[in-house]
Novice: 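Take this structure first; my questions come after.
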Amino acid sequence: MNIVFSSRVESPERWFALLEQALPHDRFFAWPEVNGGDADLALVATPHEGLFSRLPRLKLVQSIWMGVDALLADPALPHHVPLARCIDPGMVAAMGESVLSDVIDFHRHHYLYRRQQAEKKWKKLRQYMAADRTVGLLGLGELGSTIGAMLRSFQFKVLGWSRRLKSVAGVESYAGAQGLAQMLPKCNIVVCLLPLTDETRGILNATTLALLPAGAAVVNVARGAHVVEADLLAALDSGHVARAYLDVFETEPLPAGHPYWAHPGVSITPHSAALTEPRTALPMIVENINRVRSGQAPLALVDFSAGY
Ligand code: NAP
């Protein structure tokens, strides 16, 4: 099969050596080469402008990222061709480590001890057990369900919110607007792991943040637009939200003058909570290429109507 790679940020060289080793009989080429338009499959993340209009024979668009909101927002994306997400176990593990480190930083008061160290202050703070803390996960998909299990293994209480009620071992499930309103008041820490859709944009806003108990922490590792930034800053300024761990932002890179940079209640990482890891993403992508070859349905197809 002919497989074209197009990304304005990911380099094809990182992928081609692995792909060519796994699939020696297929042909891989990188934009701007499009093999005269005779490509069966496109591997993409932030694809180049004009790519899709030059590929009339595509059988699958395979994202090399887990989040497909940017692709779905691209007016050039063909909707008659199936789109598959990349489910990368390495990326899921990395996200688990990132969320766990934020949760533990808050739970063990490390952010407060860092402040005390800056003031050369020696003062023990009240200890909580993990079982005293409730973590609410917004999104119980590939990331949320794995991270839920990880947090349970540390004895945290875990609640999860999804579009449909779900059965995840040890995780109390909530769904819909009413479920969110029931869940948030119970959460000492809320972690956003949602896809960005019309329904989830701005989900963490003045109304939902006010439902959290005073002194809660917010972790956003999904997309910046899930949070209404002015509302989160107001909640941090009032002390209602004690701390925000933010990996994603409305505008990236975060502009130099943004109030988050200097806010004492905010921890910032540069959209690095989980990066695609070609070594661990490869098996699923190879499986999907082979499925297209044999006429089987690819894995992890995006539901265009749901937007994820
Ligand atoms: P996923 O498997 O598609 O799971 C999405 C979850 O969100 C599902 O549980 C889904 O509910 C729920 N959901 C969707 N719309 C909802 C709504 N309107 N109300 C309530 N729940 C809703 O996605 P994933 O693989 O876990 O990834 C989630 C997101 O993480 C990605 O879309 C991406 O934006 C982000 N991400 C960020 C990074 C980073 O480095 N910061 C890295 C990877 C991914 P159902 O279960 O009912 O369908």
Side-chain angles (χ1 to χ4, degrees), residues 9-10 45-46 62-73 83-102 136-151 158-168 171-184 187 190-205 208 218-227 244-250 252-254 267-278 280-281 284 299-308:
V9 291
E10 299 275 346
T46 61
Q62 171 69 60
S63 170
I64 55 170
W65 287 352
M66 287 186 83
V68 287
D69 47 296
L71 260 177
L72 288 171
L83 166 65
R85 295 200 305 136
C86 174
I87 311 293
D88 170 4
M91 198 180 199
V92 174
M95 185 61 95
E97 292 161 13
S98 293
V99 169
L100 193 62
S101 104
D102 293 342
L137 304 176
L138 303 180
L140 266 188
E142 296 292 337
L143 294 172
S145 52
T146 305
I147 291 168
M150 208 176 214
L151 292 165
V158 183
L159 316 180
W161 186 65
S162 43
R163 201 154 58 96
R164 300 151 289 198
L165 283 173
K166 299 203 87 166
S167 173
V168 178
V171 177
E172 215 172 284
S173 171
Y174 295 81
Q178 208 184 346
L180 185 63
Q182 285 167 350
M183 183 179 99
L184 289 177
C187 300
V190 66
V191 183
C192 184
L193 293 162
L194 289 163
L196 185 63
T197 67
D198 292 343
E199 282 77 41
T200 65
R201 186 177 299 276
I203 194 82
L204 289 169
N205 54 48
T208 50
V218 171
V219 179
N220 187 17
V221 286
R223 288 292 182 262
H226 284 123
V227 171
Y245 297 88
L246 304 174
D247 184 59
V248 285
F249 305 90
E250 279 268 18
E252 295 180 7
L254 187 64
S267 285
I268 291 172
T269 44
H271 201 145
S272 57
L275 309 176
T276 298
E277 183 60 60
T280 50
M284 186 239 157
L299 303 172
L301 287 179
V302 170
D303 174 348
F304 284 100
S305 61
Y308 66 99

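When a ligand or atom number is given, it counts from 1 through the structure's own listing order. Both backbone and side-chain heavy atoms feed into the values below; hydrogens, waters and symmetry mates do not.
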Novice: Return the residue, atom name and 0.1 Å-rounded distance of the protein heavy atom closest to atom 32 (O) of ligand 1.
Specialist: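 Residue, atom and distance for the closest contact: Pro195 CA, 3.3 Å.
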Novice: Is there a heavy atom in Thr197 that sits closer than 4.0 Å to ligand 1?
Specialist: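 No, that is not the case, since the closest heavy atom of the residue is not under 4.0 Å from the ligand.
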Novice: Please say which of Val219, Val168, Val191 ends up in a side-chain contact (heavy atoms from CB on, under 4.5 Å) with Leu137.
Specialist: Val191
Novice: Nearest to atom 36 (N) of ligand 1 by heavy atom, Arg223, Met66, Glu142: which?
Specialist: Arg223
Novice: Could you check which of Tyr308, Trp65, Trp161, Tyr174 puts a non-hydrogen atom nearest to atom 3 (O) of ligand 1?
Specialist: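 Result: the heavy atom closest to atom 3 (O) of ligand 1 is in Tyr308.
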Novice: Which protein non-hydrogen atom lies closest to atom 26 (O) of ligand 1, naming both residue and atom, and how far is it?
Specialist: Leu143 N, 2.9 Å
Novice: Quick one: look up the protein heavy atom nearest atom 28 (C) of ligand 1 and list residue, atom name and how far away it is.
Specialist: Leu193 O, 3.3 Å
Novice: Backbone, side chain, both or neither: what part of Val68 comes under 4.0 angstrom of ligand 1, heavy atoms only?
Specialist: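 Neither; no heavy atom under 4.0 Å.
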Novice: Looking only at protein heavy atoms, which one is nearest to atom 11 (O) of ligand 1, and how far off is it?
Specialist: Arg163 N, 3.1 Å
Novice: What residue and atom, counting heavy atoms only, is the protein's closest point to atom 25 (O) of ligand 1, and at what distance?
Specialist: Arg85 NH1, 2.8 Å
Novice: Which of the numbered atoms in ligand 1 are below 4.0 angstrom from a heavy atom of Glu199?
Specialist: 18 (N)
Novice: With heavy atoms only and a cut-off of under 4.0 Å, state how Thr200 meets ligand 1: side chain, backbone, both or neither.
Specialist: side chain
Novice: Would you tell me whether Asp88 and Thr276 have side-chain atoms, one donor and one acceptor, within less than 3.5 Å of each other?
Specialist: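 No pair is found: no donor N or O on one side chain lies under 3.5 Å from an acceptor on the other.
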Novice: Go through ligand 1 atom by atom and flag the ones less than 4.0 Å from a non-hydrogen atom of Met95.
Specialist: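 With Met95 as reference, the close atoms of ligand 1 come out as 37 (C), 38 (C), 39 (C), 41 (N), 42 (C).
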Novice: Which residue and atom name correspond to the protein heavy atom nearest atom 40 (O) of ligand 1, and how close is it?
Specialist: Ala274 O, 3.0 Å
Novice: Taking N or O atoms only and a 3.5 Å limit, does Ser272 qualify as a polar contact for ligand 1?
Specialist: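 In this structure, Ser272 places no N or O atom under 3.5 Å from an N or O of ligand 1.
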Novice: Report the nearest protein non-hydrogen atom to atom 12 (C) of ligand 1: residue, atom name, distance rounded to 0.1 Å.
Specialist: Leu194 CD2, 3.8 Å
Novice: So which of Gly141, Gly67, Gly224, Ser145 gets nearest to atom 6 (C) of ligand 1, if we judge by its closest heavy atom?
Specialist: Gly141
Novice: Any atoms of ligand 1 less than 4.0 Å from a non-hydrogen atom of Lys166? List them with their elements.
Specialist: 46 (O)
Novice: Using a strict cut-off of 4.0 Å, indicate which atoms of ligand 1 neighbour a heavy atom of Asp247.
Specialist: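 Near Asp247, the atoms of ligand 1 are 39 (C), 40 (O), 41 (N).
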Novice: Run the numbers for me: atoms of ligand 1, each under 4.0 Å from some heavy atom of Met91, listed by number.
Specialist: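 Atoms satisfying the 4.0 Å criterion: 42 (C), 43 (C).
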Novice: Starting from atom 41 (N) of ligand 1, locate the nearest protein heavy atom and write down its residue, its atom name and how far away it is, to 0.1 Å.
Specialist: Val221 O, 2.8 Å
